[in-house]
**Q** 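Before anything else, here's the structure in question.
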Amino acid sequence: MTVMLKALSARGVGKLMAGAALALILSAEVAAEANPRDPYEGFNRTMFSVNEAVDKYAAKPVAQVYDKAVPLPVKAGLGNFFGNTADLWIGVNSALQGKFGDAGIDVSRLLINSTVGIFGLFDVASELGLEKHDEDAGQTLAVWGVGDGGYLFWPILGPRTVRDTAGWGIDSYADPVWRVRPIASRNSMVAARFVDIRASLLPADKVIDEAALDKYAYIRDAYLQRRRNQIFDGRPPRLED
């Protein structure tokens, strides 16, 4: 767990991404790749292999222990808590995308779940019919007309585009969890959120392993399709051949 805390600290992630970015710049394969959606495929596959090793020997075992050892109500409460901390920033992005009605719902969710829901441990707002949205800075940049810049795969962070990597940096800066002090408490919360998210993805592991002839390509295509649906709120325009 100590290793994970160090890996997930803001400084650790920053150094990791800086090193990976340097490798990306130095990669001689960048210009030669044929897939227009994945112009950095050589770099990405290397980073994917690194991530697979980290996941196999660190992230996934911890997530499996957490999934088996922690009671379901506790896991649900933890997920609700972190979801509640995100609602304010989701509301900001909704407003920046011109979805002012959604932004009002997001803020209402935050107020209700932070009070009646006991600091977000219980998702009372959903029970009242207030739908939870999923907006981030990457989607906001896309709505503003910023192109995706090509697909990237980062160790620990996972799949992104160039635009979504920049969006992740903005989201991280605005994330209240990263601002918790003392640092030890912040790292514990970041690690707990990471493990909770990884545990929620465990059921998908078997599906991907069984369905994918090329796991890297499967995850890439699924990510790009999902992001396109998110950006267009589930109604993406038809792609030209």
Side-chain angles (χ1 to χ4, degrees), residues 8 63 66-144 157-160 163-164 167-181 185-205 207 222-237:
L8 290 168
Y66 166 85
D67 189 53
K68 292 181 179 179
V70 178
L72 182 59
V74 176
K75 289 187 288 187
L78 188 64
N80 289 338
F81 172 79
F82 287 121
N84 187 60
T85 63
D87 274 337
L88 178 60
W89 184 237
I90 289 173
V92 171
N93 279 288
S94 293
L96 291 174
Q97 295 172 34
K99 305 171 186 175
F100 299 109
D102 288 355
I105 292 174
D106 299 327
V107 174
S108 298
R109 285 182 53 85
L110 175 67
L111 294 175
I112 292 172
N113 286 340
S114 296
T115 53
V116 182
I118 311 177
F119 302 107
L121 294 176
F122 300 95
D123 188 1
V124 179
S126 291
E127 297 296 328
L128 296 176
L130 297 176
E131 176 187 3
K132 183 172 180 61
H133 300 117
D134 185 12
E135 306 291 350
D136 54 51
Q139 294 178 64
T140 299
L141 292 174
V143 171
W144 288 358
L157 298 182
R160 295 285 192 278
R163 178 191 60 222
D164 290 341
W168 174 85
I170 298 171
D171 292 334
S172 297
Y173 182 80
D175 185 354
V177 175
W178 282 106
R179 299 179 179 277
V180 171
R181 293 296 183 273
S185 298
R186 181 203 69 186
N187 288 347
S188 296
M189 293 181 67
V190 170
R193 180 169 60 182
F194 176 83
V195 172
D196 182 68
I197 292 173
R198 183 62 187 90
S200 70
L201 297 175
L202 289 174
D205 290 348
V207 175
Y223 173 80
L224 292 174
Q225 181 178 351
R226 176 175 179 269
R227 285 302 282 175
R228 183 172 171 78
N229 281 328
Q230 286 178 319
I231 291 166
F232 290 99
D233 294 328
R235 298 180 297 275

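All heavy atoms count here, side chains included; hydrogens, waters and symmetry mates do not.
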**Q** Report the distance from atom CG of Asp196 to atom NZ of Lys75, rounding to the nearest 0.5 Å.
**A**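 Rounded to the nearest 0.5 Å, the CG-NZ separation comes to 8.5 Å.
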
**Q** Could you please spell out the steps behind the salt bridge (charged side-chain N to carboxylate O under 4.0 Å, His left out) verdict for Asp164 and Arg227?
**A** CA-CA 9 Å; Asp164 290 341; Arg227 285 302 282 175; 3.0 Å; yes

**Q** If only side-chain N and O atoms count, and only distance matters, is there a donor-acceptor pair under 3.5 Å linking Asp134 with Gln230?
**A**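 The criterion, which ignores hydrogens and geometry beyond distance, is satisfied for Asp134 and Gln230.
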
**Q** Within this structure, what is the CG-CG distance for the pair Leu141 and Leu96, rounded to the nearest 0.5 Å?
**A**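 That separation rounds to 9.5 Å.
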
**Q** Search all heavy atoms of Ala103 against all heavy atoms of Ala95 and return the closest pair with its distance.
**A**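 Nearest heavy atoms, Ala103 then Ala95: CB-N, 3.9 Å.
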
**Q** Measuring from Leu130:CG to Leu110:CG, what's the distance to the nearest 0.5 Å?
**A**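 With rounding to 0.5 Å, CG (Leu130) is 12.0 Å from CG (Leu110).
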
**Q** Check whether any side-chain heavy atom of Arg235 sits under 4.5 Å from a side-chain heavy atom of Asn229, and report yes or no.
**A**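 Arg235 does not reach Asn229 side chain to side chain.
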
**Q** Just checking, any donor-acceptor pair under 3.5 angstrom between side chains of Asp175 and Trp89?
**A**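 No.
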
**Q** Heavy-atom distance under 4.5 Å between the side chains of Val116 and Phe122, does that happen here?
**A**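 Heavy-atom side-chain distance check fails, nothing below 4.5 Å.
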
**Q** Got a donor-acceptor contact below 3.5 angstrom from the Thr85 side chain to the Phe82 backbone?
**A**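 Side chain of Thr85 to backbone of Phe82, a donor-acceptor pair under 3.5 Å: yes, one is there.
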
**Q** Are side-chain heavy atoms of Asn93 and Lys99 found at a separation under 4.5 Å?
**A**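 Heavy-atom side-chain distance check fails, nothing below 4.5 Å.
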
**Q** If I take atom CZ from residue Arg193 and atom CH2 from residue Trp178, how far apart are they, to the nearest 0.5 angstrom?
**A**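 It comes to 7.5 Å.
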
**Q** Does the Asn80 side chain pair with the main chain of Ala76, one donor and one acceptor, at a distance under 3.5 Å?
**A**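 Side chain of Asn80 to backbone of Ala76, a donor-acceptor pair under 3.5 Å: yes, one is there.
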
**Q** Is the charged tip of Arg228 near the ring of Tyr223: under 6.0 Å from the six-membered ring centre and within 45° of its axis?
**A**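 Pair Arg228/Tyr223 does not count as cation-pi.
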
**Q** Can you find a pair of side-chain heavy atoms, one from Asp106 and one from Leu88, that are under 4.5 Å apart?
**A**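 Counting from C-beta outward, Asp106 and Leu88 never come under 4.5 Å.
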
**Q** So which heavy atom on Val180 is nearest to which on Ser185, and how close?
**A**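 In this case the closest contact between Val180 and Ser185 is CG1-CB, 4.1 Å.
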
**Q** Do Leu78 and Met189 make a side-chain contact, defined as non-hydrogen atoms from C-beta onward lying under 4.5 Å apart?
**A**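 When only atoms from C-beta onward are counted, Met189 and Leu78 do not touch, as no gap falls below 4.5 Å.
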
**Q** Ignoring hydrogens and geometry beyond distance, is a side-chain donor-acceptor pair present between Asn113 and Asp87 at under 3.5 Å?
**A**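 No donor-acceptor contact under 3.5 Å links the two side chains.
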
**Q** For the residue pair Lys132 and Ile105, establish whether any side-chain heavy-atom pair is separated by less than 4.5 Å.
**A**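 A side-chain contact is absent here, since even the closest heavy-atom pair is not under 4.5 Å.
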
**Q** Are a donor atom and an acceptor atom from the side chains of Gln139 and Gln97 found within less than 3.5 Å of each other?
**A**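 Side-chain D/A pair, Gln139 to Gln97: absent.
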
**Q** Please check if any side-chain donor atom of Arg109 sits under 3.5 Å from a side-chain acceptor atom of Ser126, or the reverse.
**A**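 The criterion, which ignores hydrogens and geometry beyond distance, is satisfied for Ser126 and Arg109.
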
**Q** If you count the non-hydrogen atoms of other residues, nucleotides and ligands that lie under 6.0 Å from CZ in Phe232, is the total more than 12?
**A**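 Enclosed: over 12 neighbouring heavy atoms sit under 6.0 Å from CZ of Phe232.
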
**Q** Any non-hydrogen side-chain atom of Phe119 less than 4.5 Å from a side-chain atom of Asn84?
**A**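 Not touching, per the 4.5 Å side-chain cut-off.
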
**Q** Got a second to check how far Trp168's CH2 is from Leu157's CG, nearest 0.5 Å?
**A**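 Going from the CH2 atom of Trp168 to the CG atom of Leu157 covers 5.0 Å.
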
**Q** Arg198 versus Asp205: any side-chain heavy-atom pair under 4.5 Å?
**A**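 Arg198 vs Asp205: side chains touch.
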
